[in-house]
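Here the structure is laid out as structure tokens; the discussion comes afterwards.
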Amino acid sequence: MNSAIDPESDIRARIQQHWEASERGDVDAEHAIYAADAILDYPQSGERFRGRSRIRAQRGGHPAERHFTVRRILGGGDLWVSECVITYDGVPTYSLSVMEITDGLVTHETQYFADPFPASPGRAALAEPIPAPDQHAD
């Protein structure tokens with residue numbers, strides 16, 4: 001894709017490639033989207049990782065078997081959001097990644113994580129199930 005013609009399609013594709021590389025365990029491709037001095041924040045634990053090398057190192061050697069499912073990628077300009085389900089050893093955790101992009105690279109990412117919880121029986125008459133994301137055949 002020629003980013004001069006459609007920079008937002010290019011950024012969306014790069015973010016999708018980031019998540020696909022995460023799923024494959026391709027750490028080089030996974031971290032290629034980050035600027036050398038990027039910042040990654042985990043607000044729930046109060047941690048900040050400064051620099052692509054530290055971001056990569058903190059993800060390395062994770063003991064759980066992980067899988068990444070992207071539900072959607074939304075954004076424009078320099079702000080993009082990925083809604084994902086990250087499954088750790090078979091247990092899903094919902095994740096929201098907020099990426100700030102400068103010159104095609106992530107300069108600041110904030111990731112939020114939330115565990116699933118049971119639906120309230122008192123809301124059953126009002127709610128409907130969220131459809132599963134479309135899955136492409138392998």
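In what follows, residues are counted from 1 in the order of the sequence shown.
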Side chain to side chain contact (heavy atoms under 4.5 Å, CB included) partners of Tyr94, counting only residues at least two apart
Val85, Pro116

If you define the side chain from C-beta out and look only at heavy atoms, does anything of [X] sit under 4.5 Å from [Y]?
X     : Y      : answer
Leu79 : Val98  : yes
Ile15 : Ile33  : yes
Ser82 : Leu96  : no
Tyr88 : Glu65  : no
Asp78 : Glu100 : no
Asp37 : Arg50  : no
Ile86 : Pro92  : no
Arg59 : Leu40  : yes

Can you tell me how far CD1 of Ile11 sits from CD of Gln16, rounded to the nearest 0.5 angstrom?
14.5 Å

Smallest separation among heavy atoms of [X] and [Y], with atom names:
X      : Y      : result
Ala38  : Val106 : CB-O, 3.3 Å
Val70  : Cys84  : CG2-SG, 4.2 Å
Ala32  : Arg14  : O-NH2, 3.8 Å
Ser97  : Trp19  : CB-CZ2, 3.7 Å
Phe117 : Arg123 : CE1-NH2, 4.4 Å
Gln111 : Gln44  : O-OE1, 4.4 Å

Common cluster, Phe113/Ile39, ILVMFWY with side-chain heavy-atom separation under 4.5 Å
no

Verify the cluster assignment for Met99 and Phe49: are they in a single hydrophobic cluster under the rule of side-chain heavy atoms below 4.5 Å apart?
yes

Report the relative orientation of the aromatic rings in Tyr34 and His18; use parallel for angles under 30°, tilted for 30 to 60°, perpendicular for over 60°.
perpendicular

With a 4.0 Å cut-off, would you call Arg56 and Asp28 a salt bridge?
yes

Give the intermediate values and the outcome of side-chain contact (heavy atoms from CB on, under 4.5 Å) for residues Arg71 and Ile130.
CA-CA 11 Å; Arg71 296 186 61 93; Ile130 297 173; 3.1 Å; yes

Using the side-chain hydrogen bond (donor to acceptor under 3.5 Å, both in side chains) rule, pick out the option among Glu47, Glu109, Gln58 that qualifies with Tyr42.
Gln58

Mark yes when over 12 heavy atoms from residues, nucleotides or ligands other than [X] sit less than 6.0 Å from its [atom1]; otherwise mark no.
X     : atom1 : value
Leu74 : CG    : yes
Asp89 : CG    : yes
Arg24 : CZ    : yes

Can you name the residues that form a salt bridge (charged side-chain N to carboxylate O under 4.0 Å, His left out) with Asp115, not counting sequence neighbours?
none

Glu23 side-chain N/O to Phe68 backbone N/O, donor-acceptor pair under 3.5 Å
yes

